[in-house]
Amino acid sequence: MGTFIVLMLVAGAAALAIRQMIKDKKAGKSLSCGGDCSRCRGCRPDQKPAADDTEK
């Protein structure tokens, strides 16, 4: 019975974490995003990189 309770607690915590990740993704937040859109090509692939990011 104790194992079942622990399993339910872990499953509940995982569900809450996944729900929060989905909510953050819809709000435009991400762990991999630093918030500097001028250097980002991940969100909008058609966006040109900043001038100092071009290879020579």
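All values derive from a computational prediction rather than experimental measurement.
A side-chain hydrogen bond (donor to acceptor under 3.5 Å, both in side chains) check over residues 2-13, counting only residues at least two apart or in different chains, returns nothing. Sequence neighbours left out, the pairs with a member in residues 9-20 that pass side-chain hydrogen bond (donor to acceptor under 3.5 Å, both in side chains) are Gln20-Asp24.
For Ile22, the side chain to side chain contact (heavy atoms under 4.5 Å, CB included) partners two or more places apart in sequence, or in a different chain, are Ile18, Lys26.
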